[in-house]
Q: 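First the structure, which I've put down as structure tokens, then a few questions once you've had a look.
Each ligand, and each atom within it, is numbered from 1 in the order the structure gives. Note that the coordinates shown come from a computational prediction; the quantities given were computed from them, not determined experimentally.
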Amino acid sequence: MKAAVVTESGGPDVIEIRDVPRPRVGPKDALISVRAAAANYGDVWLRQGRAPATPPVIPGLDVAGVVESVGEDIDANVVGERVVVYGVVACGDCEFCAADEPAMCADYGAIGESRDGGQAEYLSVPAANLVSLPVAVSFRQAAALPSSFGTAHRALRNRVVVDATDDLLVVGASGGVGHAAVLLGLDAGADVYACTSSDEKAAKLFDLGVTDVVRYGEDGFAGKVRELTGGRGVDVVFDSVGGDAYPSGIASLSRGGSLVTVGATAGDADTAMLQHLFWKQLSIVGSTGYNPADIKAVVDLVAAGRIDPVVDSIVSLEAVPEVHRRLEGRDVFGKVLFEP
Ligand SMILES: NC(=O)c1ccc[n+]([C@@H]2O[C@H](COP(=O)([O-])OP(=O)(O)OC[C@H]3O[C@@H](n4cnc5c(N)ncnc54)[C@H](OP(=O)(O)O)[C@@H]3O)[C@@H](O)[C@H]2O)c1
Ligand SMILES: [Zn+2]
């Protein structure tokens, strides 16, 4: 089968599009014929050697497709089903797994990182990781969901709960997980403010329904956020960018507000902003990955027409190295999808 392979750590040129054997199907596994797979910034981290992976490895955290065959322990009736893959592979017996919280498992692994992923024609995964797709949800919509919408759902409906009384600021709002946070915030009835880097992306964010857009700027964006909120600041900041955006995010919060961090694309922050934290009685909440309940919830939201992932472009596997360059160049709005 055809697959994108990260052959070693390095630049986009270490990715080769190769013919490789179809993956092995263990007794409890299912073989998925991939119809759509998504790109994520996590693919860049993997390629750079910053993710728990040992090349050669096939990237691809997010996959939708059709069950082609199953191992001997799995009911063959699922063959032919349309599915999206829950990409977390956890230990299955720690305290968190027992509580249906595999996203918290210390042995947390993911397809497309600790094992081969879905930027390929076929993918083998434990059959327990399959989530059925209603007919109302396309393969393209489904492939856009797990890492972006699953993560944003866990962050904004579980780790912090955003509702119609809240003002929400999304930093990195034009990206995969960022636009998911925008759409889930709007679906909750919140007033959503978005931080982005260009007029073109700002226009697209207004089209999604945000109240206003701020830019990173030399002095950060907190002053502008305060101006837009009548001096009060926002109740919740969703941040996947980190770096210099983190202190601006903290300074954008109203008293008692919360910043939920899911990533650090721009690197770590130089300051914890301690005086802001205690004086304004703020909370910083970390969130990673998603549970099966999150992916089922976002599939249902798409099926109900309440959210619709934004597709930047649909390309073939040959474009994987070019897509890495675009992700690193901040030249993506929403999700890039591969159709093998
Ligand atoms: N914890 C988790 O489970 C989890 C899940 C998904 C993603 N993440 C993390 O969240 C981050 C975003 O992932 P994604 O897949 O949504 O990425 P993405 O689609 O590439 O979006 C990232 C966005 O961040 C903004 N950005 C700000 N500073 C940037 C910089 N220095 N380099 C690149 N982009 C920058 C860009 O938008 P503007 O130009 O408009 O600012 C860009 O569109 C990554 O760090 C990823 O590892 C974590
Ligand atoms: Zn576990």
Q: Between atom CD1 of I307 and atom CG of L301, what is the distance when rounded to the nearest 0.5 Å?
A: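 The CG atom of L301 is 4.5 Å from CD1 of I307, to the nearest 0.5 Å.
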Q: Looking at atom 10 (O) of ligand 1, what's its closest protein heavy atom, distance included?
A: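 Protein heavy atom with the smallest distance to atom 10 (O) of ligand 1: S240 CB, 3.6 Å.
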Q: If only atom types and distance count, is the side chain of T229 paired as donor or acceptor with the main-chain N or O of V234 below 3.5 Å?
A: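 Absent.
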Q: Has A39 got any heavy atom lying under 4.0 angstrom from an atom of ligand 1?
A: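 The answer is no, since A39 has no heavy atom less than 4.0 Å from ligand 1.
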Q: With a cut-off of 4.0 Å, which atoms of ligand 1 are near a heavy atom of Y216?
A: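 It comes down to these atoms of ligand 1: 25 (C), 27 (C), 38 (P), 41 (O).
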Q: Considering only heavy atoms of V177, which atoms of ligand 1 have at least one such atom less than 4.0 Å away?
A: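 Result: 10 (O), 12 (C), 16 (O).
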Q: Counting heavy atoms only, which part of T265 comes closer than 4.0 Å to ligand 1: side chain, backbone, both or neither?
A: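 The part of T265 near ligand 1 is both the backbone and the side chain.
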Q: To which protein heavy atom is atom 13 (O) of ligand 1 closest, and what is the distance rounded to 0.1 Å?
A: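 Closest protein heavy atom to atom 13 (O) of ligand 1: Y41 CB, 3.5 Å.
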Q: Regarding N158 and D294, is there a side-chain donor-to-acceptor distance under 3.5 Å anywhere?
A: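 No donor-acceptor contact under 3.5 Å links the two side chains.
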Q: Out of all atoms in ligand 1, which are within 4.0 Å of some heavy atom of G176? Include the element for each.
A: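 Going through ligand 1 atom by atom, the ones under 4.0 Å from G176 are 16 (O), 18 (P), 19 (O), 21 (O).
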Q: Can we say D13 and R47 salt-bridge, meaning some charged N sits less than 4.0 Å from an Asp/Glu carboxylate O?
A: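 Answer for the salt bridge query: no.
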Q: Indicate whether any N or O donor in one side chain lies under 3.5 Å from an N or O acceptor in the other, for S198 and E200.
A: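 Looking only at side-chain atoms, E200 and S198 do not form any donor-acceptor pair under 3.5 Å.
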Q: Answer yes or no: is there a donor N or O on one side and an acceptor on the other, between the side chain of Y290 and the main chain of G87, under 3.5 Å?
A: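 It does hold such a pair.
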Q: What atoms of ligand 1 come within less than 4.0 Å of a heavy atom belonging to T196?
A: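 Every atom of ligand 1 under 4.0 Å from some heavy atom of T196: 38 (P), 40 (O).
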Q: Could you check whether the rings of Y216 and F221 sit parallel, tilted or perpendicular, using 30° and 60° as the cut-offs?
A: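 Aromatic pair Y216/F221 classed perpendicular.
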Q: CG/L168 to OH/Y193 distance, rounded to the nearest 0.5 angstrom?
A: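 L168 CG to Y193 OH: 10.5 Å, rounded to 0.5 Å.
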Q: Heavy-atom distances under 4.0 Å decide this one: backbone, side chain, both or neither, for S197 against ligand 1?
A: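 Both backbone and side chain.
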Q: Using heavy atoms and a threshold below 4.0 Å, how should the contact between T288 and ligand 1 be classified: side chain, backbone, both, or neither?
A: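 It is both backbone and side chain that touch ligand 1.
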Q: Are E339 and R140 ion-paired here, with the side-chain N under 4.0 Å from a carboxylate O?
A: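 A salt bridge is present here (some side-chain N lies under 4.0 Å from a carboxylate O).
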Q: Going by distance only, is there an N or O of Y108 that falls short of 3.5 Å from an N or O of ligand 1?
A: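 The answer is no, given that Y108 and ligand 1 share no N or O pair closer than 3.5 Å.
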Q: I need the atoms of ligand 1 closer than 4.0 Å to a non-hydrogen atom of S174, numbered in the order shown.
A: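 In order of number, 37 (O), 38 (P), 40 (O), 43 (O).
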Q: Would you find a donor on one side and an acceptor on the other, under 3.5 Å apart, between the side chain of N291 and the backbone of A293?
A: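 No, the answer is negative, given that no donor and acceptor are paired below the 3.5 Å cut-off.
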Q: With heavy atoms of S147 as the reference, note each atom of ligand 1 found under 4.0 Å away.
A: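 That gives atoms 5 (C), 6 (C) of ligand 1.
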Q: In the protein, what heavy atom is nearest to atom 23 (C) of ligand 1, and what distance, to one decimal place, separates them?
A: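 The answer is G175 CA, 4.0 Å.
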Q: Should you measure from each heavy atom of G289, which atoms of ligand 1 turn up under 4.0 Å away?
A: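 Under 4.0 Å from G289, ligand 1 has these atoms: 2 (C), 3 (O).
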Q: Look at atom 31 (N) of ligand 1 and find which of A173, A245, A266, G178 reaches it with the closest heavy atom.
A: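 Nearest option to atom 31 (N) of ligand 1, by heavy atoms: A266.
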Q: Could you check atom 8 (N) of ligand 1 against the protein and tell me its nearest heavy-atom contact, residue, atom and distance included?
A: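 Of every protein heavy atom, V262 O, 3.7 Å lies nearest to atom 8 (N) of ligand 1.
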Q: Between E322 and A319, is there a donor-acceptor pair closer than 3.5 Å when you use the side chain of the first and the backbone of the second?
A: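 Judged by distance alone, no pair lies under 3.5 Å.
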Q: For the side chain of R255 and the backbone of Q281, is there at least one donor-acceptor N/O pair under 3.5 Å apart?
A: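 Answer holds: no.
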Q: Among all protein heavy atoms in this structure, tell me which lies nearest to atom 35 (C) of ligand 1, with the distance rounded to 0.1 Å.
A: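 Ranked first by proximity to atom 35 (C) of ligand 1 is R330 NE, 3.6 Å.
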Q: Which atoms of ligand 1 have any heavy atom of T151 under 4.0 Å away?
A: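 So the answer, numbered in order with elements, is 2 (C), 3 (O), 4 (C), 5 (C).
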